[in-house]
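Below you'll find the structure, written out as structure tokens, and then a few comments.
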Amino acid sequence: MAVNHFRFAIASDLHIALPHTVWEHPSRFHLVEYSIEAFEVVLAHLCTLELDFLLIPGDLTQHGEPENHQWLAHRLAQLPFPAYVIPGNHDLPTPAHFAPFLQFYRDYGYGWNQQPYYSLHPLPGIRLIGLNSNFFTPTGEQIGYLDQAQMDWLSQELPKSKDLTLVMIHHNLIEHMPGQGSNPLGQRYMLENRTPVCELLHQAGVQLLFTGHLHVQDIAYSDRFQMYEITTGSTVSFPHPYRLLEYRDRTLSITSHRVEQIPSLANLSEFSRTWMGDRAHAFIAKLLMAPPLGLSREETNVLLPDLRYFWADLAAGDAQFNFVHFPEPARSFLEAFSDRPPADNQVILDLS
């Protein structure tokens, strides 16, 4: 008999890094030195709940280090509920990382599969499809793309069941900010062949996508494909979020939580927001100077002081921006990043 009520959690972009593996460079955005402590805080909370499973949509490790994968696989084995993972771009920095990845996570979705994607039933009447969006071009460039073998598999797999289907993939399929699919700064977070993938999912009646990669709390809806994409921010960058989700009678209730402190840093949230603000100026400058806005360096420098926390506020979700003192067209361009319904952190989605 199909389950009509279940609860699960999402923690994304863990970037697990044991202390001796931490990469040090001055412009580093991710607080990977706190990755294990932050994840332990998340798990301590989740283990007090009656969850059916946990989803982790990619970037499990700092950069695919075997010892970091090994630590995570061992930690997941201790949980009182199943966990299901997929690879992110950091987990598969080269094609040689594919085979070891499958070995590390046999118990977390892959079983004895020889390919880095899967379909399973975590509960009766509930299907979970885990996809691999990491692809290497002939020149060795890593992009977000579903290869033809995986597309063929997906087209054959989707019609096999009319069960409620949850799809987990690292790269975004639906835009989470204005022009994400066309702006060079946003394109790299999106699947290149997202349109045919969305068409396949839509034809099968899929309404729920779970993604990561962007390190932003956002829920986007596609009118064209009639599906929600729920992307969850990273546990190693502000605001260190994770989500609890409860499905009941064709509705999905989503509640977001944050890791506010860890044993080694009582003011993690404040520290992290400042850390991001101190490092965001180069990225924001590129955003302002690139098309479609195309400001000059001089114009950009005037605006940057007021945009120190622009990315942090965007990452937190539910942001509403007001730059009434900015000249046009910069004002309209930046205010367009204000959140649009549905809400990003606390919301009930109607799937009827």
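In this text, all values refer to a predicted model and were calculated from it rather than measured experimentally. Counting begins at 1 with the first residue of the sequence. All values below were derived from every heavy atom in this structure, side-chain atoms included, with hydrogens, water molecules and symmetry-related copies excluded.
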For the pair [X] (side chain) and [Y] (backbone), establish whether a donor and an acceptor sit closer than 3.5 Å, ignoring hydrogens and angles.
{"X": "S338", "Y": "Q320", "value": "no"}
{"X": "R258", "Y": "E260", "value": "no"}
{"X": "N134", "Y": "H170", "value": "no"}

Exercise for review: Report the relative orientation of the aromatic rings in Y242 and H257; use parallel for angles under 30°, tilted for 30 to 60°, perpendicular for over 60°.
Suggested key: parallel
Check your understanding: How are the rings of H90 and H15 set to each other: parallel, tilted or perpendicular (split at 30° and 60°)?
Key -> perpendicular
Do you know which two heavy atoms are closest between [X] and [Y], and how far apart they sit?
{"X": "F29", "Y": "W275", "answer": "O-NE1, 2.9 Å"}
{"X": "Q142", "Y": "N89", "answer": "NE2-O, 3.2 Å"}
{"X": "H5", "Y": "V3", "answer": "O-CG1, 3.1 Å"}
{"X": "S133", "Y": "H171", "answer": "OG-ND1, 2.6 Å"}
{"X": "S272", "Y": "S237", "answer": "OG-C, 4.0 Å"}
{"X": "V22", "Y": "E33", "answer": "CG2-CA, 4.2 Å"}

Check your understanding: Would R194 and E229 satisfy salt bridge (charged side-chain N to carboxylate O under 4.0 Å, His left out), going step by step from the backbone distance to the final call?
Key -> CA-CA 12 Å; R194 55 191 176 275; E229 180 175 302; over 6 Å; no
Check your understanding: Is the distance between the ring centroids of F8 and Y247 less than 6.0 Å?
Key -> no
Exercise for review: Report the C-alpha separation of F321 and F310 in whole Å, then their side-chain angles, then the decisive distance to 0.1 Å, and conclude whether the ring pair (Phe, Tyr, Trp, His ring centres under 6.0 Å) test is met.
Suggested key: CA-CA 9 Å; F321 296 112; F310 179 79; 4.5 Å; yes
Anything under 3.5 Å between a donor and an acceptor, one on a side chain of residues 197-204, the other on a protein residue two or more places apart or in another chain? List them.
from : atom 1 : to   : atom 2 : distance (Å)
E199 : OE2    : R224 : NH2    : 3.4
H202 : ND1    : F225 : O      : 2.9

Give a yes or no on whether [X] and [Y] share a hydrophobic cluster (residues Ile, Leu, Val, Met, Phe, Trp, Tyr; joining criterion: side-chain heavy atoms under 4.5 Å apart).
{"X": "L164", "Y": "I254", "answer": "yes"}
{"X": "L209", "Y": "V347", "answer": "no"}
{"X": "L128", "Y": "I230", "answer": "yes"}

Check your understanding: Would the number of heavy atoms belonging to other residues, nucleotides or ligands and lying under 6.0 Å from CZ of R250 be above 12?
Key -> yes
Practice item. Decide if atom CD of Q78 counts as having more than 12 heavy atoms of other residues, nucleotides or ligands within a radius under 6.0 Å. Key: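 Enclosed: over 12 neighbouring heavy atoms sit under 6.0 Å from CD of Q78.
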Exercise for review: Using the test salt bridge (charged side-chain N to carboxylate O under 4.0 Å, His left out), find all partners of E40 that sit at least two apart in sequence or belong to another chain.
Suggested key: R75
Practice item. Quick one: list whatever passes salt bridge (charged side-chain N to carboxylate O under 4.0 Å, His left out) with E299, sequence neighbours left out. Key: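 By the salt bridge (charged side-chain N to carboxylate O under 4.0 Å, His left out) rule, E299 matches no residue at all.
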**Study point:** salt_bridge(D278, R273) N-O dist < 4.0 Å
**Key:**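 Salt bridge flag = no for R273 with D278.
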Practice item. Could you please spell out the steps behind the side chain to side chain contact (heavy atoms under 4.5 Å, CB included) verdict for S264 and Y34? Key: CA-CA 8 Å; S264 66; Y34 302 127; 3.7 Å; yes
Check your understanding: Can you find a heavy atom in the side chain of R331 that is under 4.5 Å from one in the side chain of H325?
Key ->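 A side-chain contact is absent here, since even the closest heavy-atom pair is not under 4.5 Å.
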